[in-house]
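A quick write-up on the structure given underneath.
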Amino acid sequence: MNLPMATVATPDVERRLEPSEIAGLQEQVRALARERDAVILAHNYQLPEVQEVADFVGDSLALSQEAARTDQRVIAFCGVHFMAETASILCPDKHVLIPDLRAGCSLADAITPDELRAWQARHPGAITVMYVNTTAEIKALTDYCVTSSNAVSVVRHILAEHGPDTEILFGPDMFLGAYVEKSIGRSLHVWNGECHVHAGIRPRDIAAVRARHPGADFLIHLECGCSTSVMEYVASGDVDAHGVHMLSTGGMVRYARRARPGSTVVMATETGMLHQLELAAPGVEWIAANRAAVCRYMKMITLPKLRDTLRDLAPEVKVPPDVAARARVPIERMVAIG
């Protein structure tokens, strides 16, 4: 059964730094990180100057794995709130910081604990699979977490372990859920939530960019509003399957490292991803399917805020121990499956 999603308020736009300000701030951040024994983790959608100062840049799964194995006392998480919560769940003895507590996620807000409990009550015995882009309270009610890079693998693992007719509740992203359904060849109960940025990358964007760049490869994030349509284009033969790649952001970076210099590649995800792709393959022409696909929540994390949070060791994200203990189980299952 599909249920409606919630909405979140739009934050104020942050002032972009002048190039002359960036180098000095990066030096301050690095010095404070050494002083505080801090590791800086940054998501692929962060501002370029924040990515450049991070110890690790990656997708949600990679950053969860880095958080789990770090030896440093402090984790400065440059991402959105649920990501810092995940680090706190995996590392209860660490001091987890986020430069701006307002950096939320429309997808994480698409389902509340009460809504999930009601959904589960209507499907007793079903296994609950939730995207990692959810709050700690949702994870605490979940059997398995997934990322876009391992959602299909995790669902296949569940069906192999529990039987092919196992009832599965999948949420909160409806586009990722639709992709999983097509990949495994059976239906799931999929929640009707979406990322407001990825949902805005529509089939018409792909059609327009295909017309301008007919020979380009396409890298499509599985949360995109165009993902289901692109799969249908491939099935009908309208798009060459060899040129279409449905990938997580980590998968996009791996693709870039093997990309042919001089080629043209269209990327359908948040535009912050362009920075890592251009670093990985500077000889490739990278094109955003929709230049307006910018997550204003990710862009709330700035160098001045990162400097201040390392200086003040605040704000801290700390998940209550009882919630963390229950939420750790589905996250560790996700990390173990990889």
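Note that the numbering runs from 1 along the sequence shown for the chain. Worth knowing before you read on, the calculation uses all heavy atoms, side chains too, and leaves out hydrogens, waters and symmetry mates.
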For [X] versus [Y], what's the shortest heavy-atom pair and its separation?
X    : Y    : value
M130 : T142 : CG-OG1, 3.2 Å
I98  : L101 : CG2-CD2, 3.7 Å
T134 : A108 : CA-CB, 4.0 Å

Taking [Y] as the starting point, is it possible to reach [X] by hopping between hydrophobic residues whose side chains are less than 4.5 Å apart?
X    : Y    : answer
L274 : Y255 : yes
L63  : V96  : yes
I301 : V57  : no
L47  : I40  : yes
L41  : Y297 : yes

Let me see the working for Q26 and E52 under side chain to side chain donor-acceptor pair (under 3.5 Å), right down to the final yes or no. CA-CA 8 Å; Q26 288 178 328; E52 290 163 3; 3.1 Å; yes
Side chains of [X] and [Y]: donor-acceptor distance under 3.5 Å anywhere?
X    : Y    : answer
S248 : H221 : no
H196 : S106 : yes
Q120 : T128 : yes

Taking the six-membered ring for Trp, is the centroid-to-centroid distance between H245 and F218 below 6.0 Å? no
Ion pair check, E270 and K299, cut-off under 4.0 Å: yes
Under 4.0 Å between a side-chain nitrogen and a carboxylate oxygen: does that hold for D308 and K305? no
If the plane angle is over 60° it's perpendicular, under 30° parallel, otherwise tilted; pick one for H123 and H189. tilted
Please step through side-chain contact (heavy atoms from CB on, under 4.5 Å) for the pair T302 and L17, ending with a clear verdict. CA-CA 9 Å; T302 63; L17 295 172; 5.6 Å; no
Could you walk me through whether L107 and Y131 pass the side-chain contact (heavy atoms from CB on, under 4.5 Å) check? CA-CA 9 Å; L107 181 56; Y131 199 14; 3.5 Å; yes
Let's go through H43 and M298 carefully: what are the C-alpha distance in whole Å and the side-chain angles of both, what is the deciding distance for side-chain contact (heavy atoms from CB on, under 4.5 Å) to 0.1 Å, and is it a yes or a no? CA-CA 8 Å; H43 192 270; M298 285 286 187; 3.6 Å; yes
